[in-house]
K.L.:
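Take this structure, written in C-alpha cells, and hold onto it; I'll ask about it next.
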Amino acid sequence: MQHHDSNPQSLKQDLRQRMIAQRRKLDREEWKRKSQLVAEHLFGVPWFVQSRHVMLYLAIEPHREVDTSAIVSYCEQSGKKVSVPLVRGERLLVASYRSVDPLERGLFGQSEPVSPLTPSTLPQVVITPVVAVDRSGERLGYGAGYYDRFFADLQQAGHTFVAIGLAFDQQLVSCLPSDPWDRRLDCIVTEKEIIPVQT
Ligand SMILES: Nc1nc2c(c(=O)[nH]1)N(C=O)[C@@H](CNc1ccc(C(=O)N[C@@H](CCC(=O)O)C(=O)O)cc1)CN2
Ligand SMILES: Nc1ncnc2c1ncn2[C@@H]1O[C@H](COP(=O)(O)OP(=O)(O)OP(=O)(O)O)[C@@H](O)[C@H]1O
C-alpha cells in the first residue's frame, strides 16, 4: 500500500488501527469505571427500558470494548431476555445467554456460549460494539462486516429493532465515511452522554 494513499477504505483502516490502539491503553480500573457509567446511562434509554429481549456482545477485555457484564446482570434482575452473537461463517446467529452459561473463545477472541446452543427469538434492541462512531450514528467496527451483514439479515427478515452503540467518549469522532451497506445506529451511549441520532 502507498504511504499517501487516500482512498476511503485505507482511511478507514488507518482510523481503525489508531482507535483500537488508543482504546487498549485504558487501564483496567478506568475501563471498569467508565463501563459502569455507560451501563447506567443505558438503563435510562426508553428503547432499552421498554425492551423484553436485549442482544448484547460479551466484551473482549484486552481490546477494552465497553464492558457489558453489568448490563447482563441488570437484564437478568429485571426479567429481560438476553442473547449474544455467535459467529457462524460470515454470519452472526442469535444465541440465548444467561450469566451462568459456560463460555468458550470464538474465532476472534470473543466469548461465546458453548454448544449445544439454545436458538433464540429476535431481539428488540441490539447493543452494538464500535471501534469508532460519529454523532450521526455511523459506526466503524473491526472491518469484518459481521454487524453490517447481521443488520441486513434482520431487515431482510422484516424484523424491527433498534441498534444502540456503546462507546467511550474517546471513540467519538467528528465524521465517519459512510458505505452503502452501513446501517446507522439509532442511539449512542457513552460514559458522558446519551446521543439520540436524528432521523
Ligand atoms: N465482543 C465482541 N463480540 C463480537 C464482535 C465484536 O466486535 N466484539 N463481533 C463483531 O463483528 C463479532 C465477532 N467478530 C469479530 C471480528 C473481529 C474482531 C477483532 O478483534 N479483530 C481484530 C482487530 C481488527 C484489526 O486489527 O484490524 C483482532 O483480531 O485483533 C473481533 C470480533 C461477534 N462478536
Ligand atoms: N449487507 C452486506 N452484505 C454483504 N457484504 C457486506 C454487507 N455489509 C458489509 N459487507 C462487507 O463487509 C466488509 C466490511 O465492512 P465495513 O468495513 O463497513 O466493516 P465494519 O463496519 O468495520 O465491521 P463490523 O460490521 O463487523 O463491525 C465490506 O467490505 C463489505 O463488503
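Just follow the structure's listing: the first ligand is 1, and inside any ligand the first atom is 1.
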K.L.:
Identify the protein heavy atom lying closest to atom 2 (C) of ligand 1, giving its residue, its atom name and the separation to 0.1 Å.
P.N.:
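Minimum-distance protein heavy atom for atom 2 (C) of ligand 1 reads Glu65 OE1, 3.5 Å.
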K.L.:
Tell me: protein heavy atom nearest atom 27 (O) of ligand 2, and distance?
P.N.:
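So the nearest neighbour among protein heavy atoms is Arg139 NH2, 2.6 Å.
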K.L.:
Quick one: look up the protein heavy atom nearest atom 28 (C) of ligand 2 and list residue, atom name and how far away it is.
P.N.:
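Atom 28 (C) of ligand 2 sits closest to the protein heavy atom Trp181 CZ2, 3.5 Å.
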K.L.:
Decide yes or no for Tyr147 and Pro129: does some side-chain heavy atom of the first lie under 4.5 Å from some side-chain heavy atom of the second?
P.N.:
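They are in side-chain contact.
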K.L.:
Under 4.0 Å from a heavy atom of Tyr146: give me the atoms of ligand 2 that qualify, with their elements.
P.N.:
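Taking each heavy atom of Tyr146 in turn, ligand 2 has 24 (P), 25 (O), 26 (O) under 4.0 Å.
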K.L.:
Decide yes or no on side-chain hydrogen bond (donor to acceptor under 3.5 Å, both in side chains) for Ser83 and His53, but give the supporting numbers first.
P.N.:
CA-CA 8 Å; Ser83 62; His53 173 183; 2.7 Å; yes
K.L.:
With a heavy-atom distance limit of 4.0 Å, tell me whether Leu107 approaches ligand 1 through its side chain, its backbone, both, or neither.
P.N.:
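Neither part.
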K.L.:
Of all the heavy atoms in Glu90, does at least one lie under 4.0 Å from an atom in ligand 2?
P.N.:
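Outside the 4.0 Å threshold, so no.
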K.L.:
Identify the protein heavy atom lying closest to atom 3 (N) of ligand 1, giving its residue, its atom name and the separation to 0.1 Å.
P.N.:
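Result: Gln110 CB, 3.7 Å.
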K.L.:
Considering only the protein, which heavy-atom contact is closest to atom 20 (O) of ligand 1, and what is its distance?
P.N.:
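Ranked first by proximity to atom 20 (O) of ligand 1 is His63 CE1, 2.8 Å.
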K.L.:
Short N/O distance, under 3.5 Å, between Val87 and ligand 1?
P.N.:
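Checking ligand 1 against Val87, no N or O pair falls under 3.5 Å apart.
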K.L.:
If you have a sec, work out which protein heavy atom is nearest atom 24 (P) of ligand 2 and how many Å separate them, to one decimal?
P.N.:
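Nearest neighbour among protein heavy atoms for atom 24 (P) of ligand 2, to 0.1 Å: Gly145 N, 3.6 Å.
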K.L.:
Name the closest protein heavy atom to atom 22 (O) of ligand 2, giving the residue it belongs to and the distance to 0.1 Å.
P.N.:
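Nearest neighbour among protein heavy atoms for atom 22 (O) of ligand 2, to 0.1 Å: Gly141 N, 2.8 Å.
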K.L.:
Do Arg16 and Gln13 have side-chain atoms, one donor and one acceptor, less than 3.5 Å apart?
P.N.:
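Looking only at side-chain atoms, Gln13 and Arg16 do form a donor-acceptor pair, the distance falling under 3.5 Å.
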K.L.:
For the residue pair Glu76 and Ser99, confirm or rule out a side-chain donor-acceptor distance under 3.5 Å.
P.N.:
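The answer is yes; a qualifying pair exists.
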K.L.:
For residues Leu86 and Ala95, report the shortest heavy-atom separation together with the two atoms involved.
P.N.:
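Looking at all heavy atoms of both residues, the shortest contact is CD2-CB, 4.2 Å.
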K.L.:
Is the gap between the ring centers of Phe108 and Tyr142 under 6.0 Å?
P.N.:
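Not close enough - the centres of the two rings lie 6.0 Å or further apart.
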K.L.:
Applying side chain to side chain contact (heavy atoms under 4.5 Å, CB included) to Phe161 and Leu122, what does each step give before you reach the verdict?
P.N.:
CA-CA 9 Å; Phe161 66 99; Leu122 297 176; over 6 Å; no
K.L.:
Quick one: does any side-chain atom of Arg28 pair with a main-chain N or O of Glu61 as donor and acceptor, under 3.5 Å?
P.N.:
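The answer is no, because no donor-acceptor pair under 3.5 Å joins these two groups.
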K.L.:
State the atoms of ligand 2, each with its element, that fall below the 4.0 Å cut-off from a heavy-atom position in Tyr147.
P.N.:
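Those atoms are 24 (P), 25 (O), 26 (O).
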K.L.:
Quick check on side-chain contact (heavy atoms from CB on, under 4.5 Å): which of Val126, Ile127, Thr121, Val125 does Pro123 satisfy it with?
P.N.:
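Per the side-chain contact (heavy atoms from CB on, under 4.5 Å) rule, the option paired with Pro123 is Val126, out of Val126, Ile127, Thr121, Val125.
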K.L.:
With a cutoff of 4.0 Å, is Pro129 in contact with ligand 1, counting heavy atoms of the residue only?
P.N.:
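Contact check Pro129 vs ligand 1: positive.
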K.L.:
Tell me, which protein residue and heavy-atom name are nearest atom 17 (O) of ligand 2, and how many Å apart are they?
P.N.:
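Of every protein heavy atom, Arg16 NH2, 3.4 Å lies nearest to atom 17 (O) of ligand 2.
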K.L.:
Salt bridge or not for Asp27 and Arg24, using N-O below 4.0 Å?
P.N.:
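No, Asp27 and Arg24 are not salt-bridged.
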K.L.:
Just going by heavy-atom distances, which of Phe108, Tyr147, Tyr146 is nearest to atom 5 (C) of ligand 1?
P.N.:
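It is Tyr147 whose heavy atom sits nearest to atom 5 (C) of ligand 1.
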K.L.:
Can you report which non-hydrogen protein atom sits closest to atom 26 (O) of ligand 1, along with the distance?
P.N.:
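I find the closest protein heavy atom is Gln17 NE2, 3.4 Å.
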K.L.:
Should you measure from each heavy atom of Asp182, which atoms of ligand 2 turn up under 4.0 Å away?
P.N.:
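This gives 18 (O) as the contact atoms.
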K.L.:
Considering only protein heavy atoms, which is closest to atom 1 (N) of ligand 2, and at what distance to one decimal place?
P.N.:
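Going atom by atom, the protein heavy atom closest to atom 1 (N) of ligand 2 ends up being Ala152 CB, 3.6 Å.
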K.L.:
Indicate, with yes or no, if Leu166 and Val45 share a hydrophobic cluster defined by side-chain heavy-atom contacts under 4.5 Å among Ile, Leu, Val, Met, Phe, Trp and Tyr.
P.N.:
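The answer is yes; both residues are in one hydrophobic cluster.
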K.L.:
Taking both backbone and side-chain atoms of Leu140, is any N or O found less than 3.5 Å from an N or O belonging to ligand 2?
P.N.:
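In fact, backbone or side chain, Leu140 has no N or O that close.
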K.L.:
Just by modelled atom types, is the Val87 backbone N or O under 3.5 Å from a matching donor or acceptor in the Glu112 side chain?
P.N.:
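At least one qualifying donor-acceptor pair exists.
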K.L.:
Looking at Leu58, which atoms of ligand 1 are within less than 4.0 Å of one of its heavy atoms?
P.N.:
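By the 4.0 Å cutoff, the relevant atoms are 1 (N), 2 (C).
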K.L.:
Compare every heavy atom of Ser96 with every heavy atom of Lys81, then report the nearest pair and how far apart it is.
P.N.:
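Shortest heavy-atom contact: NZ-OG, 2.6 Å.
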K.L.:
Can you name the atoms of ligand 1, numbered from 1 with element, that are less than 4.0 Å from a heavy atom of Pro85?
P.N.:
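Near Pro85, the atoms of ligand 1 are 33 (C), 34 (N).
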K.L.:
Can you sort out which atoms of ligand 1 are near Gln13, meaning under 4.0 Å from one of its heavy atoms?
P.N.:
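Near Gln13, meaning under 4.0 Å from one of its heavy atoms, ligand 1 has 27 (O).
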K.L.:
Any nitrogen or oxygen of Gly143 lying under 3.5 Å from a nitrogen or oxygen in ligand 2? Just yes or no.
P.N.:
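Yes; the residue has a nitrogen or oxygen that sits under 3.5 Å from a nitrogen or oxygen of the ligand.
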K.L.:
Any non-hydrogen side-chain atom of Val49 less than 4.5 Å from a side-chain atom of Phe43?
P.N.:
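Of all side-chain heavy-atom pairs linking Phe43 with Val49, none is under 4.5 Å.
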K.L.:
What I want to know is whether Asp179 and ligand 2 share at least one N or O pair that is separated by under 3.5 angstrom.
P.N.:
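Min N/O separation from ligand 2 is not below 3.5 Å for Asp179.
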K.L.:
Could you tell me the residue and atom name of the protein heavy atom closest to atom 19 (C) of ligand 1, and the distance to it rounded to 0.1 Å?
P.N.:
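Result: Tyr142 CG, 3.6 Å.
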K.L.:
Answer with side chain, backbone, both or neither: which part of Tyr142 has a heavy atom less than 4.0 angstrom from an atom of ligand 2?
P.N.:
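Tyr142 to ligand 2: backbone contact only, side chain stays beyond 4.0 Å.
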K.L.:
Verify the contact flag for atom 29 (O) of ligand 1, where contact means a protein heavy atom under 4.0 Å away.
P.N.:
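Answer no: nothing from the protein, no heavy atom, is under 4.0 Å.
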K.L.:
Looking only at protein heavy atoms, which one is nearest to atom 16 (P) of ligand 2, and what is the separation?
P.N.:
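Ranked first by proximity to atom 16 (P) of ligand 2 is Asp148 OD2, 3.6 Å.
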K.L.:
So which protein heavy atom does atom 4 (C) of ligand 2 come closest to, and at what separation?
P.N.:
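Sorting protein heavy atoms by distance from atom 4 (C) of ligand 2 puts Arg149 CG, 3.8 Å first.
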K.L.:
What closest approach, in Å, do Leu172 and Glu193 show between heavy atoms, and which atom pair accounts for it?
P.N.:
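In this case the closest contact between Leu172 and Glu193 is CD1-OE2, 3.9 Å.
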K.L.:
Return the residue, atom name and 0.1 Å-rounded distance of the protein heavy atom closest to atom 12 (C) of ligand 1.
P.N.:
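Answer for atom 12 (C) of ligand 1: Leu92 CD2, 4.0 Å.
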K.L.:
Out of the candidates Asp134, Val131, Leu185, only one should pair with Arg139 under the side-chain contact (heavy atoms from CB on, under 4.5 Å) rule; please name it.
P.N.:
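Of the listed options, the one satisfying the test is Leu185.
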K.L.:
Treating Arg135 as the side-chain partner and Ser174 as the backbone partner, does any N or O pair qualify as donor plus acceptor under 3.5 Å?
P.N.:
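Pair absent, no side-chain N/O of Arg135 close to backbone of Ser174.
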